[in-house]
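Scroll down for the structure; my scribbles are underneath it.
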There are 2 protein chains.
Amino acid sequence: MSDLLERLRGRGWRMTAQRRVVAEVLDGEHVHLTADEVHSRAVAKLPEISRATVYNTLGELVSLGEVLEVSTDQRAKRYDPNAHQPHHHLVCARCGAIRDVHPVGNPLADLPDSERFGFTVSDVEVTYRGVCPNCAAA
Amino acid sequence: MSDLLERLRGRGWRMTAQRRVVAEVLDGEHVHLTADEVHSRAVAKLPEISRATVYNTLGELVSLGEVLEVSTDQRAKRYDPNAHQPHHHLVCARCGAIRDVHPVGNPLADLPDSERFGFTVSDVEVTYRGVCPNCAAA
DNA sequence: CACTTACTTTGGACAATGTCTAATTCGAGC
DNA sequence: GCTCGAATTAGACATTGTCCAAAGTAAGTG
């Protein structure tokens, strides 16, 4: 994720300890934390960071296109650092585990003109739901 | 929607003025109201209906499979009475307008085994995003 | 028709998530 | 080092949803 910090600095992002910590928390594969989870983990590294800053920073990262906002449950938004490779999500209906997945084909092409109601359609978001191996075993 | 009332009564649903009003509000095509919108419209017909009852009733309708819960924005849940015909949603990114759409093919089949991570996948939810004709004109 | 009982409704307190603001602090260029 | 605009902070506030105990009511029974 140091590439991220480099990219952001290059874009004129003022670097602060708080922003660095938030970026560090959002590193990894299949990471889909809520704002609150990001805040908890950030506090572990930098105890005086405030909730507002975490929200601000997450919002900025989303605007910059470095992080995606996904809503796989209808509770809190989750933040996905894997923004540079298009993907969809597979969610466990029991425990809420989330995996990034890559379906074949382009779902956008599956919506016929007759079903577009004159909209200019630019994006599609797919959420698969099922039961993960852990929950199936239990 | 009187069929709905019949079906519910047949399933042992106790009929009350409040439940009737909520069911009436949820009648029509391309209806995707939030709980709060349902409440406002219900109050117009039955001023003393409470917020808790609207939430309760919506929850019951969802459990009974008569209404779907959809989350096209990450604010409030919306309730879709078109539960008996499988469909997906097309959302205007500017004004939030929602249409029911029917893509060709089965998106479930587009997720290869290698991308299922051992999950038992049972359902898929697709949200198309774009700009509606009204907003494009403005 | 009146009774009874279990199911529903109600209002308000509470919880979770997110937004906003004014005052303070701080990064980084000169 | 300064300076200044940008970032951070604490906490109030807003929105959406849940929970509970008390009161009300639908509908079967006799």
Side-chain angles (χ1 to χ4, degrees), chain A residues 5-26 32-43 45-64 66-80 96, chain B residues 5-26 32-43 45-64 66-80 96:
Chain A
L5 292 180
E6 279 318 306
R7 273 203 305 279
L8 293 173
R9 199 190 299 272
R11 293 217 230 166
W13 221 46
R14 182 189 274 184
M15 191 49 55
T16 67
Q18 291 83 348
R19 288 175 168 181
R20 190 167 17 250
V21 164
V22 169
E24 280 169 17
V25 166
L26 284 174
H32 307 89
L33 300 170
T34 64
D36 232 42
E37 287 163 352
V38 172
H39 181 233
S40 301
R41 299 189 188 198
V43 164
K45 292 170 182 257
L46 184 70
E48 64 277 21
I49 193 171
S50 82
R51 237 162 45 90
T53 297
V54 171
Y55 276 99
N56 287 344
T57 304
L58 289 172
E60 282 156 20
L61 289 170
V62 170
S63 296
L64 292 170
E66 295 291 346
V67 163
L68 293 179
E69 217 170 60
V70 303
S71 35
T72 52
D73 62 50
Q74 55 274 71
R75 296 256 304 280
K77 297 176 198 164
R78 292 179 175 274
Y79 295 88
D80 184 340
Chain B
L5 292 180
E6 279 317 307
R7 273 203 306 277
L8 294 173
R9 198 190 299 273
R11 294 218 230 164
W13 222 45
R14 182 191 272 185
M15 192 48 54
T16 67
Q18 291 85 346
R19 288 175 169 183
R20 189 166 19 248
V21 164
V22 169
E24 281 170 16
V25 166
L26 284 174
H32 307 91
L33 300 170
T34 64
D36 232 41
E37 287 164 352
V38 172
H39 181 232
S40 301
R41 300 189 186 198
V43 164
K45 293 169 180 255
L46 185 70
E48 65 278 21
I49 193 172
S50 81
R51 237 163 44 92
T53 297
V54 170
Y55 276 97
N56 287 343
T57 304
L58 288 172
E60 281 156 20
L61 288 171
V62 170
S63 295
L64 292 169
E66 294 292 347
V67 164
L68 293 180
E69 219 170 56
V70 302
S71 33
T72 52
D73 62 48
Q74 54 274 72
R75 295 258 304 280
K77 295 176 199 167
R78 293 179 174 274
Y79 295 88
D80 184 340

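Because only heavy atoms are used, hydrogens play no part in the values below, and waters and symmetry mates are left out as well, while side chains stay in. Proteins come first, then strands; the chains are lettered A, B, ... in the order of their sequence lines, and each starts at number 1.
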Distance in angstrom units between B/Leu46 CG and C/dT8 C1', rounded | 13 Å

Sub-3.5 Å pairs of nitrogen or oxygen atoms, protein against nucleotides 19-26 of chain C:
residue : atom : partner : partner atom : Å
C/dT19  : O4   : A/Arg51 : NH2          : 3.2

Comparing nearest nucleotides in DNA chain C, the 5'-proximal residue of the pair A/Arg75, B/Gly12 is B/Gly12

B/Arg78 CZ to D/dG17 C1', in whole Å, measures 15 Å

Could you give the OH-to-C1' distance, from A/Tyr79 to C/dT17, as a whole number of Å?
-> 10 Å

Are any of A/Thr53's side-chain N or O atoms less than 4.0 Å away from OP1 or OP2 of D/dT9?
-> yes

Scanning both residues in full, the closest heavy-atom pair of B/Ala42 with B/Val25 reads N-CG2, 4.0 Å

Using atom types as modelled and distance alone, determine if a side-chain donor or acceptor of A/Arg11 lies under 3.5 Å from a backbone N or O of A/Leu64.
-> yes

Is a donor on one side and an acceptor on the other found under 3.5 Å between the side chain of B/Thr53 and the backbone of B/Ile49?
-> no

Of B/Arg9 and A/Glu60, whose closest DNA chain D nucleotide lies nearer the 5' terminus?
-> A/Glu60

Would you kindly give the CD1-to-P distance between B/Ile49 and C/dG12, to the nearest whole Å?
-> 17 Å

Atom-to-atom span, CD of B/Gln74 to P of C/dG18 - whole angstrom = 9 Å

Roughly how many Å is it from CD in A/Glu37 to P in C/dA16, rounded to a whole number?
-> 14 Å

Side-chain N or O of B/Gln18 closer than 4.0 Å to phosphate OP1/OP2 of D/dT25 = no

Ion pair B/Arg19/B/Glu60, N-O distance below 4.0 Å = yes

Nearest-nucleotide pick for A/Ala76, side chain only, options being C/dG18, C/dT9, D/dT8 | C/dG18

Between the side chain of B/Arg78 and the main-chain N/O of B/His32, is any donor-acceptor distance below 3.5 Å?
-> yes

How long is the line joining CH2 of B/Trp13 and C1' of D/dA26, in whole Å?
-> 13 Å

Would you mind checking if B/Glu66 and B/Arg7 are paired as a salt bridge, meaning a charged N to carboxylate O distance below 4.0 Å?
-> yes

Output yes when at least one side-chain N/O atom of A/Arg19 is less than 4.0 Å from OP1 or OP2 of D/dT8, else no.
-> yes

Could you tell me whether A/Glu24 and A/Lys45 have a side-chain N and a carboxylate O separated by less than 4.0 Å?
-> yes

For the pair made of CD in A/Glu48 and C1' in D/dA7, what is the distance, rounded to whole Å?
-> 14 Å

